[in-house]
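What you see is a predicted model, and the numbers here were worked out from it, not measured in a lab. First listed ligand is number 1; within each ligand, the first listed atom is number 1. Worth knowing before you read on, the calculation uses all heavy atoms, side chains too, and leaves out hydrogens, waters and symmetry mates.
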Amino acid sequence: MKKILITGGAGFIGSHVVRRFVKNYPQYHIYNLDLLTYAGNLENIADIQNESNYTFIKGDIVDEVFINALFQEHQFDGVIHLAAESHVDRSITNPIAFVKTNVIGTMNLLHAAKTIWANIPEDKRFYHISTDEVYGSLGMDGLFTETTAYDPNSPYSASKASSDHFVRAYGETYNLPYVITNCSNNYGPNHFPEKLIPLFINNIINNKPLPVYGDGNYTRDWLFVEDHARAIDLVFHKGKNHETYNIGGFNEWKNIDLVKLLCQIMDQKLDRVSGTSENLIAYVKDRPGHDLRYAIDASKINQELGWKPSVTFEQGLEITIDWYLNNETWLKNVTSGAYQNYYEKQYH
Ligand code: NAD
Ligand code: DAU
């Protein structure tokens, strides 16, 4: 039985990836390593906790001694690395935490994998999950390709860019078998309500202001999280060694247009008079270093591996909104306690 380590599997994207691998690959034993920071939540994966091919391990990827011991003990055959500090706004107020987890944490995993795989690298794989933000900002046109030069603008994207470089360096220097994907903005169930879509769904439910940064004319390329998990599955199994693949939704939206669409759907779902939620829109101070536009050219993964998104944005948004409306307890649990302090500091 192959032993696969997935890091960050209690977070948003990681929980969808862990579930997919546990359910679809009974021939693998999945080890989910997560520190359970504010963003990690065992409720996200409660449905698989008793599966026989699944083990949860609480631990910190920044702890080098712990990581080395874990790799020695389990002799993993593959690593799918998602654990990270992932929110741009938090990276602006606390950049050091991003260097620790995203750079040092990734280094520890790389080094431990290199050590246990020293003599048999061929059938092993270190899969690093990264972001399109490493490419910086696009103007009004053009797309990010796999050869676009790195040009990160936030402490978050700089830390992810740095980790990508270390993965490549381990590939070139030590022949570590690796693959990297750089994905655009995800949305879907279990998304922590500090990011645009779940934050605004929660605020609309609670009749709170919708804080649109700057003029709202920033553009993101949105992908449903299950489609990202499917791409990760495909790249892990079929992606070429030492390659990078961009993953995107073919689905660009200006923030303000997306927020207005969300407001319309929420008015219908909540039986509110049309226009009620739009009245909550409040233009607020812009994010420092705010990237104008991200958009992915996903033709490489499409042509080489046959991947493309399976749901339209309208379908994905409907599934997402219904999930939040049907999971009031999840939403209440994650927005109590420390969330309130974060919210006060960020928005007032
Ligand atoms: P998330 O913030 O929802 O989850 C991160 C998880 O990592 C949490 O469960 C957290 O507890 C865990 N974690 C954090 N620090 C840790 C540490 N030191 N040791 C062990 N575990 C730790 O993030 P997400 O949105 O699911 O993103 C997952 C990955 O995908 C990240 O690497 C992110 O950069 C990348 N990514 C995210 C998006 C997106 O739109 N959310 C898009 C592209 C790429
Ligand atoms: O592109 C991939 C990245 O997408 C991932 O690597 C990151 O982990 C993920 O957080 C996301 O980053 P963004 O900064 O694009 O996502 P966020 O949801 O924070 O913001 C989306 C857009 O909405 C961005 O232009 C900022 C804007 N925004 C965000 C918040 C939280 C607002 O206008 N108001 C807000 O309150």
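- Ranking protein heavy atoms by distance to atom 10 (C) of ligand 1, first place goes to Thr37 OG1, 3.3 Å.
- Assignment of Gly9 to the shell around ligand 1 is not supported, since no heavy atom sits closer than 4.0 Å.
- Near ligand 2, residues Ser86, His87, Val88, Asp89, Thr131, Asp132, Glu133, Tyr156, Cys183, Ser184, Asn185, Glu194, Lys195, Leu196, Leu199, Phe200, Pro211, Val212, Tyr213, Tyr218, Arg220, Asn255, Arg287, His290, Tyr294, Tyr347 come within 4.0 angstrom through at least one heavy atom.
- Looking at Trp307, Tyr28, Tyr127 one by one, the single match for ring pair (Phe, Tyr, Trp, His ring centres under 6.0 Å) with His237 turns out to be Tyr28.
- At a heavy-atom cutoff of 4.0 Å, ligand 1 is contacted by no atom of Asn102, backbone or side chain.
- Note on ligand 1: Ser130 sits in its first shell, one or more heavy atoms being nearer than 4.0 Å.
- Contacts with ligand 1 closer than 4.0 Å are made by no heavy atom of Tyr38, backbone or side chain.
- Of all the heavy atoms of Thr101, the ones lying under 4.0 Å from any atom of ligand 1 belong exclusively to the side chain.
- At a heavy-atom distance under 4.0 Å, only side-chain atoms of Lys160, from C-beta outward, approach ligand 1.
- Between Asn186 and ligand 1, at least one pair of N/O atoms sits closer than 3.5 Å.
- The aromatic rings of Phe98 and Tyr156 lie perpendicular to each other, with more than 60° between the two planes, well past the 30° mark.
- Regarding atom 27 (O) of ligand 1, its nearest protein heavy-atom neighbour is Ile13 CD1, 3.8 Å.
- In this structure, Gly105 falls outside the shell of residues with a heavy atom less than 4.0 angstrom from ligand 1.
- The two residues Phe313 and Trp253 come nearest to each other via the heavy atoms CD2-NE1, 3.1 Å.
- Of the candidates Ile61, Leu35, Val134, Leu82, Leu82 brings a heavy atom nearest to atom 28 (C) of ligand 1.
- Here's the thing with Phe12: one of its N/O atoms is less than 3.5 angstrom from an N/O atom of ligand 1.
- The stretch residues 198-208 participates, sequence neighbours left out, in these side-chain hydrogen bond (donor to acceptor under 3.5 Å, both in side chains) pairs: Asn202-Asn206, Asn203-Tyr343.
- Note: no N/O pair closer than 3.5 Å links His228 and ligand 1 by distance alone.
- Ring geometry, Tyr178 versus His242: the interplanar angle falls under 30°, so the pair is classed parallel (tilted spans 30 to 60°).
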